[in-house]
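To start, the structure under review is shown below, and the notes come after it.
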Amino acid sequence: MSTNTDDHDDITGTDSIDESAPLLEVSNLCTYFDTDQGVVKAVDGVSLTVERGETVAIVGESGSGKTVTSESITQLFKQPPGYIADGSVAIDGNEVTHRSEDELGQIRGRTVGHIFQNPQGALNPVYTVGWQIREAIQLHRDVTDEEATELTVELLTQVGIPEASSRLDDYPHELSGGMKQRVIIAMALACDPDLLIADEPTTALDVTIQAQILELLNRLQEKRDMGLLFITHDLGVVANIADRVVVMYAGKVMERGPVEAVFESPSHPYTKALLECLPGEGTLGGIPGELPDPRSPPGGCRFASRCEYTLEECHQGGQPSMAAVDGDDHQVSCVHYRPEMDSSVVRDAPPEEQLTDDVSADGGKRR
Ligand SMILES: Nc1ncnc2c1ncn2[C@@H]1O[C@H](COP(=O)(O)OP(=O)(O)OP(=O)(O)O)[C@@H](O)[C@H]1O
Ligand code: NI
């Protein structure tokens, strides 16, 4: 029995797979939270797709709605106070926003693996690593104890844990941060997912280990032909892992496109500002200003109050509709890219050159 199957299971066991549809298709997703202070519009009209075998990164500052977007896919956020107010999520062409908790559980068990942002909760300190992964496997698959142990060793080996069979009886506290994260990845792979969601999987780790974990995720994604939805606030890591990028701000998508296009010609002023905050670039300590209050977001572009290029129309209407930048795949939500406007005002302030060189030198993605 192998943990690495090429064929895709149907998402719940009763749905059919539409091979022509993307693995994941999120359309106009709105996820809100009822609070005493009002409705928090954490995710407010987000659309994105992940194809089979593709890595898509969601980037944006803290509070932009990255985690809530990813937790909306199989509804892992707390309901109430949270709820999906509008939009749809389709996996293999099957709409899943209106599914029962039972069905969502099946989807989590067989189709979508999740590495959570807060790693502390992911492993239980009182059980051994082997026990926890075996549990995860047996929760999803009908296998004997012996088979489950075999699969556990296979998974731990796949995530790069040396002499895996001798680590089964280790407790989480006996592992280094990097090894712990590998075990967490193994747990997420226990259901042999078609889509893996990794929410800031490297932030708690030091730089060398971060690079190793990114490399591991890249390798696993390719080997298993999974879709990978990778979430980070750090545009720096995106070039190394993603095929496409979705830039989020205050619950909205500001820009999206192939990673090379977004790095070579960042088009939304927000994306440009994020790039300038990377280490070694112009702006130290982040973009000046703060995110708008998610309970009463301003009209117009949500970034307008912090934007260097703001015009009067930026404050009017809703978030500008997506305009193609160079080719249909690269799109930006900014009034400067409307047909009647002159986008060179924003575009011709070039990004820092060193970054552009770094990205193009390795084709945008190390593989
Ligand atoms: N349970 C909740 N109740 C009320 N508001 C919430 C809840 N969960 C999230 N939010 C709000 O939703 C918004 C988006 O949060 P989210 O965690 O998705 O941001 P993020 O982009 O993942 O940020 P970070 O980079 O810090 O992880 C924030 O304003 C947050 O305060
Ligand atoms: Ni988050």
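FYI, side chains are in, hydrogens and waters are out, and symmetry mates aren't considered; it's all heavy atoms of this structure. For ligands, and for the atoms within them, numbers begin at 1 and follow the listed sequence.
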statement: For V153 and A164, the nearest pair of non-hydrogen atoms, with its separation, is O-CB, 3.8 Å
task: List, ordered by chain and residue number, the protein residues whose closest non-hydrogen atom lies under 4.0 Å from any atom of ligand 1.
output: F33, T35, V40, A42, E61, S62, G63, S64, G65, K66, T67, V68, Q117, E200, P294
task: To the nearest 0.5 Å, tell me how far E215 CD sits from L220 CG.
output: 10.0 Å
field: the Ni ion (ligand 2) to nearest N/O/S of S62 below 2.8 Å
entry: no
- prompt: CG/L24 to OG1/T111 distance, rounded to the nearest 0.5 angstrom?
  reply: 11.5 Å
- prompt: Would R52 and D92 pass as an ion pair if we require N to O under 4.0 Å?
  reply: yes
task: Identify whether the distance between the nearest side-chain nitrogen and carboxylate oxygen of R108 and E101 falls below 4.0 Å.
output: yes
Test item: H315 and T310 side chains (from C-beta on) under 4.5 Å apart, heavy atoms: yes
- request: Taking only Lys NZ, Arg NE, NH1 and NH2, and the carboxylate oxygens of Asp or Glu, determine whether D44 and R302 approach each other closer than 4.0 Å.
  value: yes
statement: Taking the Ni ion (ligand 2) as the apex, OE1 on Q117 and OG1 on T67 give an angle, to 10°, of 80°
